[in-house]
Every structure is written in C-alpha cells, then in structure tokens.
Peer 1: 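The following block contains the structure, expressed as structure tokens.
In what follows, chains carry the letters A, B, and so on, assigned in the order in which the sequence lines appear, proteins first and then strands, with residues in each chain numbered from 1. Every heavy atom of this structure was used, including side-chain atoms; hydrogens, water molecules and symmetry mates were not. Please read these numbers as outputs of a predicted model, since none were measured by experiment.
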There are 2 protein chains.
Amino acid sequence: MDRFLSSAINRIDAKGRVSVPGHFRSVVQKRGFGDLYGLRALDVPAMDVGGTDLLERYESRMANEDPFLQTADDMSFFVHGDGAFMKLDQDGRITVSDFIREHTGITAEVAFVGRGLFFQMWEPERLKAHGAQVRERLLKLRQRASGAAAGSAE
Amino acid sequence: MDRFLSSAINRIDAKGRVSVPGHFRSVVQKRGFGDLYGLRALDVPAMDVGGTDLLERYESRMANEDPFLQTADDMSFFVHGDGAFMKLDQDGRITVSDFIREHTGITAEVAFVGRGLFFQMWEPERLKAHGAQVRERLLKLRQRASGAAAGSAE
DNA sequence: TGGGGCACCATGGGCGTCAACGGGAATGAT
DNA sequence: ATCATTCCCGTTGACGCCCATGGTGCCCCA
C-alpha cells in the first residue's frame, strides 16, 4: 500500500521530538519523498503533511491565477509562508516546533491521521471533538434527507 | 530546494543587525544572487527581498500599464526609488535601516517569510494579523468555489 | 501448542556541530 | 572627534547523529 491510511497517537519527548508512525514512513520512502512539507490546514487546527508533490500541486494551481491579483498573492503567502519543512531524523522522528504547536494546540502528544496522499497531525482531544462534529453533520444530513422523503418529525 | 519556503523570527541586536535565516542564505547562494535587493511592498507593511529577478518581476508588472498614465509613473517611483540594497555581512546578517523600519514598523524582531522566488520581512505582530486576514479570504474563496466535495487540503 | 528468539518500533538520552547572537576592535565617512 | 560600518571572535542553545532500552508482535521450531 502506498497511501497514508489509519491513525496513531505518539508522545512528544523532552526534546520536542515525535516519531512518525512506521507505516507512514514506509509510505514516504515508497513514494520517494526526500523531505516532508507541512502546512497549516485552512479550516481546522491541524497540519497537512506530505511530500514535495503537495507543494507542486499547489504551485501548479497558483500558476492559473493572475500573478498580480490579490488571490495569487494570498495563495503564495499561504503555501510558501505558512508551511515548513519537517525533516525526518535517522530514527524517523520530527521535531514539533512552536510553529506547529500554535496552530494545532499540540502540547504533549500528536495524533497522526492518514488522508490518502498526505497525512495530518492533530492534538488528540481536538481531533476527537472534530470527529464528533463531522459525524454529527453527516448524521443531520441523512436525517434531513430521509425526513424530506417521509415527512417525519425529527 | 531552491525556493524561499517557511518562516522564522530573528532578533535585532544592539547594532541594528539581524541574521537572515540560514536556509534563506543557502537559497540566495544557490540562485547566485550577488546582492539582495529589497523594496517596500505595495499594499502591505513588509519588505520584498530577492535578487535582481525581483526587479524584473515588478518591471514586467509596470509594462502592463500605460506609460502616460500616472499609475505607471507611481509604480516606477516605487520600484526604482523605494528600494534598497541589503548587503549580507560575513555572518549572513543585514542591517535594519530606518528606511525599513518606517515602512514595516519593525523595532526589535524581524519575521522572515518565504514566498517562493523572494522572501518578505515583517514586524511579527503585523504578520500575524495579516496572516489571519489572508486565511479568511482564502476560506471564503474556497467556500464560494466548493459546490463539489473537497478535502481539507485541496 | 507453547516457548524462545528475532525484528521492528516507540522512546530516552549523550554528544558534536552549526546557526543565532553579542561584543571588541579596526576601518571609513562626516 | 564621533558615529556608523565591517571584520572577527567567543558563547550559547537548538538541532541532527548516534546508541541504548523496553515493549510487542511474529515466526520458527521443538
């Protein structure tokens, strides 16, 4: 398998390092990523982490914009400025910088979540809360759909 | 990687010097920039810093303007008159002049932000505020565009 | 089927290197 | 003479490299 799947929670040590789950590392290697590139997710307190192809995908998207309009500037600001290289050390660990902590609220533990072509880093409690929210939204969606069909009360 | 990516905050010392982040310096060297050229960003309180290609970028922007209109004249004034060379000393530091402080509000610390082909210098608090604005605009952009399903990193 | 051994992974910590930073001294400009 | 600029050196703290330990699951063999 060459995609990021499943999730795991690892602890940050006294030096601020955390092990990237072994399974994810093998995916990184299999896809030939040199360095990992992570950027702050737009609408959730998480880091989106992937290879340099993640970056290239954004850049090809930006190439379609007029470089002198604000949108292109915003995109560049977000992709280039709101991201950071996350170098794996020889044991497959990355250091959790303040840059990451600020956006995610991560302090002592990191929840890694596979997302296919990339993975995410969350503060475990926030991930849990987010998961509950998503679940609720999906549930409401379904209830509304079936309610409209049957005309039943909620 | 030969592009300016990620960000860092460095302190200004008693002599008014600040270290350019090591990663940025290696990019400068790799791209073969002799001197760094910095100019006041048009719509934000930041310095745009890069090699001579930065000048070309602005000049191509001016080429799109009618040379008889005031806009072109204003732009030329900005690009050619409102810029400054920023020489790196032996330790990779530059001096933060009043010219820079006036436009950016920088006093004690400088936030360096990678922007791909160039980088920016910000007063850290202002950068934070600007980042929040950008984030908001991009979020709106995405919400407007998403009739279809979209992952959080797309 | 149970047990020993092996491999892998998460975690902790020692240590060397380098970047950021502070400051002294020489040089140059006004 | 005074101030700003540049060179050079030392300090410090963060980070990368390396090794050790303990836990867990797997496999092989008795």
Peer 1: So if I take every side-chain heavy atom of A:R25 and compare against C:dG12, C:dA20, C:dC9, which nucleotide ends up nearest?
Peer 2: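 The nucleotide sitting nearest to the side chain is C:dC9.
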
Peer 1: Between P on D:dC15 and CE on A:M86, what's the gap in Å once rounded to a whole number?
Peer 2: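 Going from A:M86 (CE) to D:dC15 (P), I get 13 Å.
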
Peer 1: Does atom CD (B:E109) have a neighbourhood of more than 12 heavy atoms from anything else shown, all under 6.0 Å?
Peer 2: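 Buried by this count: over 12 neighbours within 6.0 Å.
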
Peer 1: Please work out which residues in residues 99-109 of chain A have a non-hydrogen atom less than 4.0 Å from an atom of DNA chain C and list them by number.
Peer 2: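 Result for residues 99-109 of chain A: none.
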
Peer 1: What is the distance, to the nearest angstrom, from the CD atom on A:Q90 to the P atom on C:dG14?
Peer 2: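 The answer, rounded to whole Å, is 19 Å.
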
Peer 1: Find the distance B:D89:CG to C:dA19:P and express it as a whole number of Å.
Peer 2: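 These atoms are roughly 14 Å apart.
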
Peer 1: A side-chain contact here means heavy atoms from C-beta on lying under 4.5 Å apart; do A:R61 and A:V79 qualify?
Peer 2: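 A:R61 vs A:V79: side chains apart.
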
Peer 1: Is it true that A:D43 and B:R142 have a side-chain N and a carboxylate O under 4.0 angstrom from each other?
Peer 2: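 Salt bridge between A:D43 and B:R142, a charged N being under 4.0 Å from a carboxylate O: yes.
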
Peer 1: Round to a whole Å and report the spacing from CG of A:N10 to C1' of D:dG23.
Peer 2: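 Rounding to the nearest Å, CG of A:N10 and C1' of D:dG23 are 14 Å apart.
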
Peer 1: Expressed as a whole number of angstroms, how long is the span from B:R11:CZ to D:dG13:C1'?
Peer 2: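 From B:R11 CZ to D:dG13 C1': 11 Å.
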
Peer 1: Can you tell me the distance, in whole Å, between the CG atom of A:D13 and the P atom of C:dC9?
Peer 2: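 Result: 18 Å.
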
Peer 1: Check this for me: does any side-chain nitrogen of one of A:K30 and A:D2 sit under 4.0 Å from a carboxylate oxygen of the other?
Peer 2: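 Here A:K30 does not pair with A:D2 in a salt bridge, since their nearest N and O are not under 4.0 Å apart.
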
Peer 1: What's the closest nucleotide to the side chain of B:R93 if the choices are C:dT11, C:dG22, D:dG16?
Peer 2: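 Looking only at side-chain atoms, B:R93 lies closest to C:dG22.
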
Peer 1: Starting at NZ of B:K87 and ending at P of D:dT5, how long is that distance when rounded to a whole Å?
Peer 2: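 About 10 Å, once rounded to whole Å.
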
Peer 1: Do the non-hydrogen side-chain atoms of B:H130 and B:Q120 ever get within less than 4.5 Å of each other?
Peer 2: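 Answer no - side chains too far apart.
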
Peer 1: Measure from the side chain of B:R17, starting at C-beta and using heavy atoms only, and say which of D:dC17, C:dA10, D:dC7 lies closest.
Peer 2: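 Selected nucleotide (nearest to the side chain): D:dC7.
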
Peer 1: Pick out the pairs of N or O atoms, protein on one side and nucleotides 25-28 of chain C on the other, that lie under 3.5 Å.
Peer 2:
from   : atom 1 : to    : atom 2 : distance (Å)
C:dA25 : N6     : B:K15 : NZ     : 3.4

Peer 1: For the side chain of B:D91, counting heavy atoms from C-beta on, which of C:dG12, C:dC21, D:dC7 is nearest?
Peer 2: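 Closest of the options to the side chain of B:D91: C:dC21.
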
Peer 1: Provide, to the nearest angstrom, the distance between the CD atom belonging to A:Q29 and the P atom belonging to C:dC8.
Peer 2: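 It is 12 Å, rounded to the nearest whole Å.
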
Peer 1: Base, sugar-phosphate, or nothing for A:T95, non-hydrogen atoms under 4.0 angstrom?
Peer 2: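 Sugar-phosphate, no base atom in range.
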
Peer 1: Does A:T71 reach the side chain of A:M75, with side-chain heavy atoms less than 4.5 Å apart?
Peer 2: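 They are in contact (side-chain heavy atoms under 4.5 Å apart), so the answer is yes.
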
Peer 1: Are A:D91 and A:R17 close enough, and set up right, to give a salt bridge (Lys or Arg N to Asp or Glu O under 4.0 Å), and what steps lead you there?
Peer 2: CA-CA 10 Å; A:D91 299 328; A:R17 302 171 300 184; 5.7 Å; no

Peer 1: Does the plane of the ring in A:F24 sit parallel, tilted or perpendicular to the ring in A:F112? Use 30° and 60° as the thresholds.
Peer 2: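 Because their plane-to-plane angle is over 60°, the rings of A:F24 and A:F112 count as perpendicular.
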
Peer 1: So, are B:R93 and B:D13 salt-bridged, with charged N and O less than 4.0 Å apart?
Peer 2: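 The answer is yes: the pair qualifies as a salt bridge.
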
